[in-house]
Engineer: 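This is the structure I want to talk about, given as structure tokens.
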Protein chains: 2
Amino acid sequence: MIDRYSPEKIYMQIANAIEADLKDGFEAGDVYLSEKTLTEKFGVNRHTVRRAVEELVKQNILEKRHGFGTFVAEKRLAYSIKSHHRLSQAIAEKGSEVETHLLEKKRIPALGSVAEKLQLKNGDEVLQLDTLRKINGKPIALISHFFPIAIVTDAFDRYESGSLGSFLAKHCDIQAKRISSQVSASMPNAQDSFRLGMSSTQPLMKVKTLNVNLKTNQLVEYSVTRFRGDMMQLELLMK
Amino acid sequence: MIDRYSPEKIYMQIANAIEADLKDGFEAGDVYLSEKTLTEKFGVNRHTVRRAVEELVKQNILEKRHGFGTFVAEKRLAYSIKSHHRLSQAIAEKGSEVETHLLEKKRIPALGSVAEKLQLKNGDEVLQLDTLRKINGKPIALISHFFPIAIVTDAFDRYESGSLGSFLAKHCDIQAKRISSQVSASMPNAQDSFRLGMSSTQPLMKVKTLNVNLKTNQLVEYSVTRFRGDMMQLELLMK
DNA sequence: TGCCATTTGTTCGTATGTATC
DNA sequence: TGATACATACGAACAAATGGC
């Protein structure tokens, strides 16, 4: 079953063998063999089967759940246009319920792009708020907000959920205005994919935005939003 | 440096530490520290730093080459979306060399979103042109252009390479103006990842745009651009 | 050319942590 | 609570690619 003298890596041989095995008696959603079973079946180390399974998870063929097992991934036909939420639409749609939850709040030294964007010195303190955005109960986006400490007031301590924009307007007299956005696609890290309840093989759409105070024109917020790539589509309408 | 009693996994602590380190003294293209060095620096096992680096590779922050080392990933190229702005112009301004190659040309019945966007009946004929865009010799984007047959003239037969926008202006008297763009992130299919010379585990950034003829205001083109997610970043400037 | 040091890649072994049922 | 299964982390050895001499 395994050719230890083949130039093809053992984990790839196993990945291929598993893939063939799946087509022969397994259906989407079925629980697949445990790592222990696979270890015995192929006569290799557990790490090696883990590496093989990892390969198939990356390809969306298997899924894993800690403490439960490995199972055959559901087919994702979900890419039809209709299943995409449009940011502008989804929020405006009647019946779409948008929630925002505060996940974390901490003071950190501004590093790299955060310092650069907010025009601070490397190491200047900023307040970081991480929030989770849900639409109709489903996690859609994670947002890390960065505020220069200079604009942070005690009012921030009271924020717990709901629109951060409205909160700033009401309690801090800050009307934020977006002056630029940068959009890119990348893969999620473990924490982000967990928090968004998505497969780590699905991409994120990252939107980095810089906001100024509409009145004073001062830089007040830099934020990094990670949208679930499979659920969100940005819509840009030209004038 | 490493807190072994933190609930945050060691490999994530290291990934974060490396990310901060990178912003402080490393530039795109620089060779980063070897696994051995990192192992000593953080006082952990080599597997653990490998896991951390893996995390950053997934996020397009580091790149690895077998037998050579780890280096800081190149910054994504930025591309501003503005109405009247063409990709070739946007990039050319930065002094990069842009090539466009025709991959395929065919007449097909408009289906689904193509018909919908161009306001055609399902099954109406459209001309599809697939082009590959390279910047400094590297494949960056695949574009599928769809034109209603009504606007297609014999001139189209002469198109082989170069800016399609300029071609339309010169030979078909069409000045295209973008009226909307939709941006999303998704994984590439086998053909796209092959044509773009990228890993099938890296995401694409898809930009769907709808263009009208500036003079007549008629819908003239719908296009779907697949950018390599690891090489491109859209930039949106407000106002 | 070929050899060597360096660096990443693969595989084995072992132990312990943590989630699920 | 216990059994099972995946997750993390340590240690060791060898393979394979790279670049310099």
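All values derive from a computational prediction rather than experimental measurement. In what follows, chains carry the letters A, B, and so on, assigned in the order in which the sequence lines appear, proteins first and then strands, with residues in each chain numbered from 1. Because only heavy atoms are used, hydrogens play no part in the values below, and waters and symmetry mates are left out as well, while side chains stay in.
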Engineer: Using distance alone, with no hydrogens and no angle criterion, decide if A/H145 and A/T131 have a side-chain donor and acceptor under 3.5 Å apart.
Structural biologist: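 Side-chain D/A pair, A/H145 to A/T131: present.
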Engineer: To the nearest Å, give me how far apart OH (A/Y11) and C1' (C/dC12) are.
Structural biologist: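 After rounding, the gap between these two atoms is 16 Å.
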Engineer: Is A/R65 near enough to C/dC21 that one of its side-chain N or O atoms lies under 4.0 angstrom from OP1 or OP2?
Structural biologist: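 Yes, within the criterion.
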Engineer: Would you say the side chain of A/N211 lies within less than 4.5 Å of the side chain of A/I174, judging by non-hydrogen atoms?
Structural biologist: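 No - every pair of side-chain heavy atoms lies 4.5 Å or more apart.
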Engineer: Establish, from distance only, whether the side-chain atoms of B/S223 and B/T209 form a donor-acceptor pair under 3.5 Å.
Structural biologist: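 Yes, because at least one side-chain N or O of B/S223 sits under 3.5 Å from a partner of the opposite role on B/T209.
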Engineer: Test for a donor-acceptor pair under 3.5 Å between the base of D/dT8 and the side chain of A/H47, counting only N and O atoms.
Structural biologist: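 A donor-acceptor contact between them is absent.
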Engineer: Classify the side chain of A/H66 versus the base of D/dA7 as yes if they form a donor-acceptor pair under 3.5 Å and no if they do not.
Structural biologist: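 In this structure, the two groups form no donor-acceptor pair.
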Engineer: Would you say a side-chain N or O of A/T48 is under 4.0 Å from OP1 or OP2 of C/dT10?
Structural biologist: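 No, because none of the side-chain N or O atoms of A/T48 sits under 4.0 Å from OP1 or OP2 of C/dT10.
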Engineer: Separation of A/I10 atom CD1 from C/dT10 atom P, in whole Å?
Structural biologist: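 It works out to 11 Å between those atoms.
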Engineer: Less than 4.5 Å apart, any side-chain heavy atom of B/K36 and any of B/R46?
Structural biologist: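 B/K36 vs B/R46: side chains apart.
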Engineer: Calculate the interatomic distance between A/R51 atom CZ and D/dT8 atom C1'; express it in whole Å.
Structural biologist: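 Taking CZ of A/R51 and C1' of D/dT8, I get 17 Å after rounding.
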Engineer: When you get a sec, tell me which of D/dA7, C/dC12, D/dA9 is the closest nucleotide to the side chain of B/R4?
Structural biologist: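 The listed nucleotide nearest to B/R4's side chain is D/dA9.
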Engineer: Rounding to an integer number of Å, can you tell me how far B/F71 CZ sits from D/dT18 C1'?
Structural biologist: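 After rounding, the gap between these two atoms is 12 Å.
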Engineer: Strictly below 4.0 Å: does A/R46 bring a side-chain N or O up to OP1 or OP2 of C/dT14?
Structural biologist: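 It does not, given that no N or O in the side chain of A/R46 lies less than 4.0 Å from OP1 or OP2 of C/dT14.
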Engineer: Using the side-chain heavy atoms of B/K9, tell me which of these nucleotides is nearest: D/dT8, D/dA7, C/dC21.
Structural biologist: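 Nearest nucleotide to the side chain: D/dT8.
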Engineer: Ignoring backbone atoms, establish whether B/T70 has a side-chain N or O less than 4.0 Å from OP1 or OP2 of C/dT8.
Structural biologist: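 So the side chain of B/T70 is within the cut-off, an N or O lying under 4.0 Å from OP1 or OP2 of C/dT8.
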Engineer: What is the nucleic acid contact for B/R50, judged by heavy atoms within less than 4.0 Å: base, sugar-phosphate only, or nothing?
Structural biologist: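 Since a base atom lies under 4.0 Å of B/R50, the category is base.
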Engineer: Using whole Å, report how far CG of B/L38 lies from P of C/dG9.
Structural biologist: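 Between P of C/dG9 and CG of B/L38: 13 Å.
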Engineer: Does A/K64 make a side-chain N or O approach to OP1 or OP2 of D/dA7 shorter than 4.0 Å?
Structural biologist: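 Answer is yes, contact under 4.0 Å.
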Engineer: Identify, between A/G67 and A/E8, the residue whose nearest nucleotide on DNA chain C lies closer to the 5' end.
Structural biologist: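 The 5'-side residue here is A/E8.
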Engineer: NZ of B/K36 versus P of C/dG9: gap in Å, rounded?
Structural biologist: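 Result: 17 Å.
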Engineer: Among the candidates C/dC12, D/dA5, D/dA7, find the nucleotide nearest to the side-chain atoms of A/S34.
Structural biologist: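 Among C/dC12, D/dA5, D/dA7, the one nearest the side chain of A/S34 is D/dA5.
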Engineer: Are side-chain heavy atoms of A/V126 and A/L118 found at a separation under 4.5 Å?
Structural biologist: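 Yes, at least one pair of side-chain atoms sits under 4.5 Å.
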Engineer: Pairing donors with acceptors under 3.5 angstrom, does anything connect the side chains of B/S186 and B/R226?
Structural biologist: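 No donor-acceptor contact under 3.5 Å links the two side chains.
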Engineer: Output the rounded distance in Å from CD (B/E35) to C1' (D/dA17).
Structural biologist: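 That distance rounds to 13 Å.
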Engineer: Rounded to whole Å, how long is the line connecting atom CG of A/L62 with atom P of D/dC6?
Structural biologist: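 Between P of D/dC6 and CG of A/L62: 11 Å.
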Engineer: Does C/dG13 have OP1 or OP2 sitting under 4.0 Å from an N or O in the side chain of A/N45?
Structural biologist: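 The answer is yes; a side-chain N or O of A/N45 sits under 4.0 Å from OP1 or OP2.
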